[in-house]
Enquirer: 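Dumping the structure here so I can ask a few things about it.
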Amino acid sequence: MPELAEVAFYSKKWAPGLGERVTEVVCRERARIYRTAEAAQIRLGLRGRQLTEIRTRGKQMMFVFGDASLGLHLGMTGELLVAGRAHEPGKHDHLVIRQAKRSLVFRDPRMFGALKFAPVAEPDWWKELPPDVLSRGFSKDMVLRYACRRAGLPLKAFLLQQETFPGIGNWMADEILWRCRFYPGRKTGSLKRNEIIMIWEETRKVSRTALRVIGERWGDVPKSWLFHYRWRDGGKCPRDGTTLRREEIGGRTTAWCPKCQGK
DNA sequence: GGAGATGTTTCAAG
DNA sequence: GCTTGAAACATCTC
C-alpha cells in the first residue's frame with residue numbers, strides 16, 4: 001500500500017511513543033522482514049532506550065532511539081500501529097516494541113517490508129538516500145540528467161526509480177503522467193526538455209498535496225484526481241470522461257486515459 | 001480456484 | 001560496465 005504520503009502517515013502512528021523508554025522488544029525472527037537486520041541486535045539495541053525521533057525520506061522511515069536507529073520499509077503491505085501495553089502479537093505482527101503504556105507494532109502480511117538496525121543515530125544508509133522530491137536537492141537539472149541516462153525506459157518505469165523519485169509509487173506515477181498528459185509507455189528519451197520539466201513540476205505538486213491530505217490524516221485527495229478512478233473497472237477519466245485503460249507498463253499495472261494521454 | 005496486489009532486489013541478457 | 005526487463009519474494013482479497 002504505502003507510497004510517499006502513506007509512509008509519512010504511518011510513521012506518525014508511533015509518535016505517541018516519543019520520549020518513552022523501550023521495556024521489551026518482541027521479534028518474530030523467522031519473518032522475512034529480518035533478512036536485512038538481526039533480531040538479536042534489534043532486541044538488545046533498543047531495550048532501555050527512548051524513542052527520540054521519527055524521520056521519513058521517500059518510502060524509508062527511520063526511528064531514532066538515542067544512539068541507535070531502526071530503519072523500516074513497509075514494502076507492499078506493511079503498516080504501523082499502536083496497541084496496548086500487553087498486545088498479543090497477531091499472525092503478521094513481526095515486531096512489537098513495548099513501552100510502559102503501549103506497544104509499537106509493525107504488521108506486514110506479505111513481508112516485503114524490511115528492517116535495518118544501526119548502533120548510531122544517523123547511519124550511512126540514511127545519509128546516502130537521494131534528496132526528497134520536495135527538497136532543493138531534487139533539481140530540474142538532476143531530473144534532466146537522469147532522463148538522459150534512462151532514455152530507454154518507459155515513462156512509467158522512469159518515475160518509479162527510487163534513486164531519482166524517492167517515494168513515488170504506482171498510483172503517484174500514474175497521477176503524475178495523467179496530469180502531464182503523457183502516455184505511460186512513451187520512452188523517456190523521446191521527451192523534450194520542457195516535457196521533462198513538466199514531470200519534475202507535477203511530481204512536486206502531486207507529492208505536496210498527497211503529503212498534506214494523506215500524510216497528515218489519511219484524507220482524500222481531490223475528486224478531480226485520477227486516483228479515485230484508476231482501479232475501478234470501467235473507471236472514467238475525470239478530465240474528459242473517457243474510459244480508462246489498464247495494462248502492465250514498466251512492470252506494473254498502469255491506468256491511463258487513451259484520449260488525453262494517447263494510445 | 002486463479003489472478004492480481006500503492007515494492008524492491010537480483011539476475012541475466014543486450 | 002551500464003541499462004533494461006523479468007522473476008522471485010509470501011499472503012491475502014476479489
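For the numbers below, each heavy atom of this structure counts, side chains included, while hydrogens, waters and symmetry mates do not. Everything numeric here is computed off the predicted structure, so don't read it as measured data. Note on naming: letters A, B, ... go to the chains in the order of the sequence lines (proteins, then strands), and numbering restarts at 1 for each one.
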Enquirer: Phosphate oxygens OP1/OP2 of B/dT8: is one of them under 4.0 Å from a side-chain N or O of A/His73?
Expert: yes
Enquirer: Classify the side-chain pair A/Asp93/A/His87 by whether it contains a donor and acceptor separated by less than 3.5 Å.
Expert: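 Result is yes, a qualifying pair exists.
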Enquirer: Kindly say whether A/Val64 contributes a backbone atom to a donor-acceptor pair with the side chain of A/Thr52 at under 3.5 angstrom?
Expert: yes
Enquirer: In whole angstroms, how far is the P atom of B/dT6 from the CZ atom of A/Arg230?
Expert: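 It works out to 7 Å between those atoms.
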Enquirer: Under a 3.5 Å limit for both distances, which nucleotide forms a Watson-Crick or G-U wobble pair with B/dT6, could you say?
Expert: none
Enquirer: Please list all pairs passing the salt bridge (Lys or Arg N to Asp or Glu O under 4.0 Å) test where one or both residues lie in residues 159-169 of chain A, with sequence neighbours left out.
Expert: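 Found A/Arg149-A/Glu163, A/Arg150-A/Glu163.
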Enquirer: Could you give the CG-to-C1' distance, from A/Leu160 to C/dG5, as a whole number of Å?
Expert: 13 Å
Enquirer: Quick test of your reading of the model: are A/Arg246 and A/Asp233 salt-bridged, counting only N-O distances below 4.0 Å?
Expert: yes
Enquirer: CZ of A/Arg35 versus C1' of C/dC9: gap in Å, rounded?
Expert: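 Roughly 8 Å, once rounded to whole Å.
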Enquirer: Taking 4.0 Å as the cut-off, does a side-chain nitrogen or oxygen of A/Thr253 come that near to OP1 or OP2 on B/dA5?
Expert: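 Result: yes.
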Enquirer: Among C/dT11, B/dG4, C/dT4, which is the nearest nucleotide to the side chain of A/Arg150?
Expert: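 From the listed options, C/dT4 comes nearest.
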Enquirer: Picking from C/dT3, B/dA5, C/dC12, which would you name as closest to the side chain of A/Arg149?
Expert: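 The answer is C/dT3, which lies nearest to the side chain.
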Enquirer: Heavy atoms only, 4.0 Å cut-off, all strands: where does A/Gly152 land among base, sugar-phosphate and nothing?
Expert: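 The residue A/Gly152 makes sugar-phosphate contact but no base contact.
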Enquirer: Any base atoms under 4.0 Å from A/Lys187, or only sugar-phosphate, or nothing? Heavy atoms, all strands.
Expert: nothing
Enquirer: In this structure, how many angstroms lie between the P atom of B/dG4 and the CD atom of A/Glu248, rounded?
Expert: 9 Å
Enquirer: Calculate the interatomic distance between A/Asp174 atom CG and B/dG7 atom P; express it in whole Å.
Expert: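 Going from CG in A/Asp174 over to P in B/dG7 covers 10 Å.
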Enquirer: Would you mind telling me which of C/dG5, B/dG7, C/dC9 lies closest to the side-chain atoms of A/Leu153?
Expert: C/dG5
Enquirer: With rounding to the closest Å, how many angstrom separate the P atoms on B/dA3 and C/dA7?
Expert: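 Those two atoms are separated by 14 Å.
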Enquirer: If we require ring centres under 5.5 Å and near-parallel planes under 30°, does A/Phe112 stack on B/dT8?
Expert: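 The ring of A/Phe112 is not stacked on B/dT8.
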Enquirer: In whole angstroms, how far is the C1' atom of C/dC2 from the OH atom of A/Tyr146?
Expert: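 Interatomic distance, OH of A/Tyr146 to C1' of C/dC2: 12 Å.
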Enquirer: With P as the reference atom in both, quote the distance from B/dG4 to C/dA6 in angstrom, rounded to an integer.
Expert: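 Straight-line distance between the two P atoms is 15 Å.
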Enquirer: Just compare C/dA10, B/dG7, C/dC12 and give me whichever is closest to any side-chain atom of A/Lys91.
Expert: C/dC12
Enquirer: Return whichever of A/Gln162 or A/Arg110 has its heavy-atom-nearest nucleotide of DNA chain B closer to the 5' end.
Expert: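 Its nearest nucleotide lies further toward 5', so the answer is A/Arg110.
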Enquirer: My understanding is that a pair needs two contacts under 3.5 Å, Watson-Crick or G-U wobble. By that rule, which nucleotide pairs with C/dA10?
Expert: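 Its partner: none found.
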Enquirer: State which of C/dG5, C/dC9, C/dT11 makes the closest approach to the side chain of A/Met111.
Expert: C/dT11
Enquirer: Let me know the distance between CD1 of A/Ile33 and C1' of B/dG7, rounded to the nearest Å.
Expert: 15 Å
Enquirer: Within this structure, what is the CG-to-P distance between A/Leu115 and B/dT8, rounded to whole angstrom?
Expert: 15 Å
Enquirer: Looking at C/dA10, B/dT8, B/dA5, which one has an atom nearest to any side-chain atom of A/Lys59?
Expert: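 That would be B/dT8.
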Enquirer: Is the closest basic N to carboxylate O distance between A/Glu122 and A/Arg55 below 4.0 Å?
Expert: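 Salt bridge between A/Glu122 and A/Arg55, a charged N being under 4.0 Å from a carboxylate O: yes.
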Enquirer: Can you check the distance between B/dT9 and C/dC12, where both ends of the measurement are the C1' atom (answer in whole Å)?
Expert: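 So the two C1' atoms sit 22 Å from each other.
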Enquirer: Are any of the side-chain nitrogens in A/Arg230 or A/Glu175 under 4.0 Å away from the carboxylate oxygens of its partner?
Expert: no
Enquirer: Just N and O in the side chain of A/His92: are any of them under 4.0 Å from OP1 or OP2 of C/dC12?
Expert: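 Looking at the OP1 and OP2 atoms of C/dC12, one of them is under 4.0 Å from a side-chain N or O of A/His92.
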